[in-house]
Structure formats: C-alpha cells, structure tokens
J.: 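Dropping the structure in here first, questions after.
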Amino acid sequence: MKFLRVISLMAVIVSAAGFVKQADANVAQDLTANYNKIVKNCGASDKPAYLCSGNLIRFTSASTSYHVWDPSYQSYTKKGIPFMYIRRDIPIDKAFQNKTLGLIYYPSMIVPKGKIGDEARCLFPVDGWTDGRILRCGEHSTYPTASKACQDQGIDTATSWINHFTSIPDNGSDRLRHQCGFDLSNVRTNTANIFNEALKAQQSLQAIRGSYSYNELLINVAPLTVNNLVAEPAKLPIQTFFYMVNDQGQSGLDDARYYQRDYYTQTGLIVPIVKATLDIKTGKMTYSYSDSDQLIK
C-alpha cells in the first residue's frame, strides 16, 4: 500500500461568532477520545467499531499538482482509498515516523451534519499490497486463489487468518500479497465481529514478529466529477490535517498549512492542524493543538 496520495457548518458559525480558537483546540481532545475508545461494535452486529471509535488516518504527500483529498489514479480506478485504523490497543509501525503529514477522517457515526460518512470495503491486518489486487479488496494477481476475500475461504477468525498468512515462507512481500482481506461490505453479515477478528490478527502478528505493523482499511471513494476529482470536497469527513516531526528532524507543518489553505480556498471551510507524535517504544499516537500552527484561524 502507498499512503501517498472540517470544520462543520456549525463550526463555521462558531468561527463567525469569534470562538474559532476554542472549536479548533478541541480537535486534539476529540481525536484522543476516539483513539482511546475501545468498543466491540457501534450498537449492532453490522456496525463495526471503526464507525464510532478510533482514528482513520491517511499519510500523504503535498503537491501543487493535485488536492490532497482527491483520489489517486489507483484509488479511483480500483474504487478504494487506503487508510489505517489506529486505536490505543493497536500500535502502529515505527517506520511511519518518517512520514510527516496526512489527514484524518471522522468516524462515520459522529461526522458533523452535512458531511458524508466513510464506508469501509475491507480490512487487511497488514499492508495488503492493494495496488495489485482486483478493486483493492479482491485477489492479488500473484496468488489469485489464496488471496481472495477471507470469508470466501472460510477464514473468519484471527487464528485462521494467522494460519493462512503463515502457510507460505516469509520471503520478501510474498505473505503480504498472499494474505486475504476481511470483507466489510454490506453484503456480509456480522461485520462488527469480522472487524474485531481482523484487529486481533494484527495484534497476534505483532506479537509473532516482535514489532508493530499497520493495517490497511479501504474506504469507498466519494462521488467524483467527470475528471475524477471529488465533486463536493466540502462534504468530505476530514477532521484534521496532521503533521509529524521525523527522526531526521523534518517537520510536515509547512505542507499541512498548505493543505489547510488549499481546502479553505476551495471550500471556504477551515480544517484545523494538529501535531501527531508517535512513541517509537510503544507504537502509540498522541495529538496536540497549537494556535501558532494554524495558517488560517
């Protein structure tokens, strides 16, 4: 997977009333609350935890050639945008400390009024190498039978996924391409439990490897124009643009400010910037807001 390539109407009203600093500053608290929220489902067996908890995070690269919220060629042709689902009990890979910026979506069930929800298509417990898969969630060209959807192979638990994942030698990226993804589409049943089993598989694999990994959650592409650009970017459920400082001391703040300005220019809405800090020992993320980081206030 390649992770390269809103404030709501109420928040805009709040901004006009002069309370924008308070509204923006709350974003770090909200992200942290979602990150710390661990649930088995969001009220029903067909409502997986990502709908109301955790952070949907996407690492990106800044460019004047495209808007960060528009899908890449691979994403719109394969009808899925890669995100990571992170939560307090799911550490993420240390390697991502060298990525310096991106965006985070609201969980679908708590999006502000007027925003579209994010609907997941499938979840891979580790990098799914989805550029080489049919419509991102399907079989990989290298292993067209073994890599099809987990449920279609009778794989619906963390244990059975681990057994399948480790059934071939650990050579290069072979296991990543050979693995199956858990289908979360609405044609499946009991998707809340399936989602939990995928997360358990990720945690089990981390224990086996002795290091952290990251999952790959494929989100449906928002409605597009004829030019394959997001038709109504103001309706995207972007909660924040984030930046990090990597091991070399490089900061993504300037690029995050570019995102904030670009989104404001295109929509008239302000998305706050937060700093995300990854603890390299625990693989856990923390968020902080600073008024001085904001280009548009």
Side-chain angles (χ1 to χ4, degrees), residues 1 31-58 80-93 96 104-111 117-128 130 133 136-138 147-167 175-176 178-209 211-220 237 239 282-285:
M1 170 179 54
L31 289 167
T32 301
N34 291 338
Y35 181 75
N36 288 330
K37 184 179 180 181
I38 300 173
V39 297
K40 292 184 178 180
N41 61 56
C42 295
S45 63
D46 62 347
K47 296 187 184 301
Y50 79 87
L51 293 171
C52 65
S53 71
N55 303 141
L56 291 170
I57 185 169
R58 176 169 171 78
I81 302 177
F83 278 75
M84 292 192 312
Y85 178 78
I86 66 173
R87 205 170 62 187
R88 176 169 52 86
D89 59 331
I90 310 166
I92 65 171
D93 200 301
F96 274 100
I104 299 175
Y105 271 9
Y106 284 98
S108 276
M109 292 180 70
I110 56 176
V111 295
D118 26 77
E119 182 181 350
R121 295 181 54 225
C122 63
L123 176 61
F124 292 89
V126 289
D127 187 332
T130 57
R133 291 179 183 268
R136 293 280 198 196
C137 291
S147 63
K148 63 183 180 181
C150 292
Q151 292 100 310
D152 290 342
Q153 302 184 64
I155 298 170
D156 57 7
T157 66
T159 299
S160 57
W161 185 90
I162 288 289
N163 290 338
H164 178 269
F165 185 79
T166 57
S167 65
R175 284 182 171 178
L176 301 180
H178 177 267
Q179 73 173 302
C180 64
F182 290 92
D183 188 351
L184 299 175
S185 65
N186 56 18
V187 301
R188 302 290 185 175
T189 60
N190 201 26
T191 50
N193 186 62
I194 290 295
F195 185 82
N196 293 334
E197 290 300 316
L199 297 182
K200 290 177 184 177
Q202 180 185 356
Q203 293 166 324
S204 297
L205 190 60
Q206 289 173 346
I208 293 170
R209 286 180 166 179
S211 63
Y212 305 130
S213 60
Y214 56 87
N215 57 50
E216 185 170 1
L217 181 69
L218 277 299
I219 300 295
N220 273 335
Q239 186 171 12
T282 64
K284 294 184 179 180
M285 193 81 84

J.: Any chance the side chains of Asn55 and Tyr85 put a donor and an acceptor closer than 3.5 Å?
T.: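 No.
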J.: Would Leu218 and Glu216 count as a side-chain contact (heavy atoms from CB on, under 4.5 Å) if you check the C-alpha gap in whole Å, the side-chain angles of each, and the deciding distance to 0.1 Å?
T.: CA-CA 6 Å; Leu218 277 299; Glu216 185 170 1; 3.7 Å; yes
J.: Looking at side-chain heavy atoms only, is the closest gap between Leu123 and Asn215 below 4.5 Å?
T.: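 With C-beta onward as the side chain, the pair touches.
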J.: Return yes if some donor-acceptor pair links the side-chain N/O of Tyr50 with the main-chain N/O of Ala120 below 3.5 Å, else return no.
T.: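 At least one qualifying donor-acceptor pair exists.
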J.: Given side chains that start at C-beta, do those of Arg121 and Leu217 come closer than 4.5 Å, heavy atoms only?
T.: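 A side-chain contact under 4.5 Å is absent here.
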J.: Can you name the salt bridge (Lys or Arg N to Asp or Glu O under 4.0 Å) partners of Lys284, sequence neighbours left out?
T.: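 Testing Lys284 for salt bridge (Lys or Arg N to Asp or Glu O under 4.0 Å), a comparison that skips the adjacent residues, returns none.
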J.: Nearest 0.5 Å, what's the CD-CG distance between Gln239 and Leu31?
T.: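 Answer rounded to 0.5 Å: 4.5 Å.
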J.: Do Pro107 and Asn34 have side chains that get closer than 4.5 Å, going by heavy atoms?
T.: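 Answer yes - side chains close enough.
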J.: Identify the heavy atoms of Arg87 and Ala49 that sit nearest to each other, and give their distance.
T.: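 Minimum heavy-atom contact is NH1-CB, 3.7 Å.
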J.: In Å, rounded to the nearest 0.5 Å, how long is the span from CZ of Phe124 to OG of Ser147?
T.: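 Rounded to the nearest 0.5 Å, the CZ-OG separation comes to 8.0 Å.
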J.: Has Glu197 got a side-chain atom pairing as donor or acceptor with Ala158's backbone, closer than 3.5 angstrom?
T.: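 Yes; judged by distance alone, with no hydrogens or angles, the pair exists.
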J.: Tell me, with the steps shown, if Ile90 and Leu199 meet side-chain contact (heavy atoms from CB on, under 4.5 Å).
T.: CA-CA 8 Å; Ile90 310 166; Leu199 297 182; 3.6 Å; yes
J.: Can you tell if the side chain of Trp161 reaches within under 4.5 Å of the side chain of Pro125, non-hydrogen atoms only?
T.: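 Yes, at least one pair of side-chain atoms sits under 4.5 Å.
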J.: Using distance alone, with no hydrogens and no angle criterion, decide if Gln151 and Asp183 have a side-chain donor and acceptor under 3.5 Å apart.
T.: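 No.
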J.: Ring centres under 6.0 Å, that's the criterion: do Phe182 and Phe195 meet it?
T.: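 Phe182 vs Phe195: aromatic centres not under 6.0 Å.
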J.: Taking atom types as modelled, find out whether Ser108 and Glu119 have a side-chain donor-acceptor pair closer than 3.5 angstrom.
T.: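 Absent: no donor and acceptor within the cut-off.
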J.: Nearest 0.5 Å, what's the CD1-CG distance between Ile38 and Asp89?
T.: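 If we round to the nearest 0.5 Å, Ile38:CD1 and Asp89:CG are 4.0 Å apart.
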J.: Can you name the nearest heavy-atom pair linking Arg209 to Phe165, along with the distance?
T.: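 For Arg209 and Phe165, the tightest heavy-atom pair comes out as NH2-CZ, 3.8 Å.
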J.: Can you confirm whether Leu205 sits close enough to Ile162 that some side-chain heavy atom of one is under 4.5 Å from a side-chain heavy atom of the other?
T.: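 A side-chain contact under 4.5 Å exists here.
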J.: If you define the side chain from C-beta out and look only at heavy atoms, does anything of Val39 sit under 4.5 Å from Lys37?
T.: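 A side-chain contact under 4.5 Å exists here.
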J.: Would you mind listing every salt bridge (Lys or Arg N to Asp or Glu O under 4.0 Å) that reaches into residues 149-166, with sequence neighbours excluded?
T.: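 Matches after skipping sequence neighbours: Asp152-Arg188.
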J.: Output the distance between atom CZ (Phe83) and atom CD1 (Ile104), rounded to the nearest 0.5 Å.
T.: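 If I round to the nearest 0.5 Å, the distance is 10.0 Å.
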J.: Quick one: are Asn196 and Lys40 in side-chain contact, heavy atoms under 4.5 Å?
T.: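 A side-chain contact exists here, since the closest heavy-atom pair is under 4.5 Å.
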J.: Can you tell me how far the CG atom of Leu184 sits from the CD1 atom of Ile194, to the nearest 0.5 Å?
T.: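 Here the rounded value is 8.0 Å.
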J.: Looking only at atom types and distance, does a side-chain atom of Tyr35 sit under 3.5 Å from a main-chain N or O of Met285, one as donor and one as acceptor?
T.: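 Yes, Tyr35 side chain to Met285 backbone: donor-acceptor pair under 3.5 Å.
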J.: How would you list, by chain and number, every residue that makes a side-chain contact (heavy atoms from CB on, under 4.5 Å) with Thr159, sequence neighbours excluded?
T.: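 Only Thr157, Asn163 meet the side-chain contact (heavy atoms from CB on, under 4.5 Å) criterion with Thr159.
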J.: Go through the structure and list residues passing side-chain contact (heavy atoms from CB on, under 4.5 Å) with Lys47, not counting sequence neighbours.
T.: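 Lys47 satisfies side-chain contact (heavy atoms from CB on, under 4.5 Å) with Cys42, Ala44, Leu51, Met109 once adjacent residues are dropped.
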J.: Side chains of Pro82 and Arg136: closer than 4.5 Å at any heavy-atom pair?
T.: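 Answer yes - side chains close enough.
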J.: Quick one: side-chain contact (heavy atoms from CB on, under 4.5 Å) partners of Gln153, sequence neighbours excluded?
T.: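 Counting only residues at least two positions away or on another chain, Gln153 forms a side-chain contact (heavy atoms from CB on, under 4.5 Å) with Lys148, Ile155, His164, Cys180.
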J.: Taking all non-hydrogen atoms of both residues into account, name the closest pair between Gln179 and Asp127 and its distance.
T.: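 Smallest heavy-atom distance, with atoms named: NE2-O, 2.7 Å.
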J.: Hey, could you give me the CD1/SG distance between Ile110 and Cys52, rounded to the nearest 0.5 Å?
T.: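 Here the rounded value is 7.5 Å.
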J.: Of all residues at least two apart in sequence or in a different chain, which pass the side-chain contact (heavy atoms from CB on, under 4.5 Å) check with Val111?
T.: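 Partners of Val111 under the side-chain contact (heavy atoms from CB on, under 4.5 Å) test: Tyr106, Lys115, Pro237.
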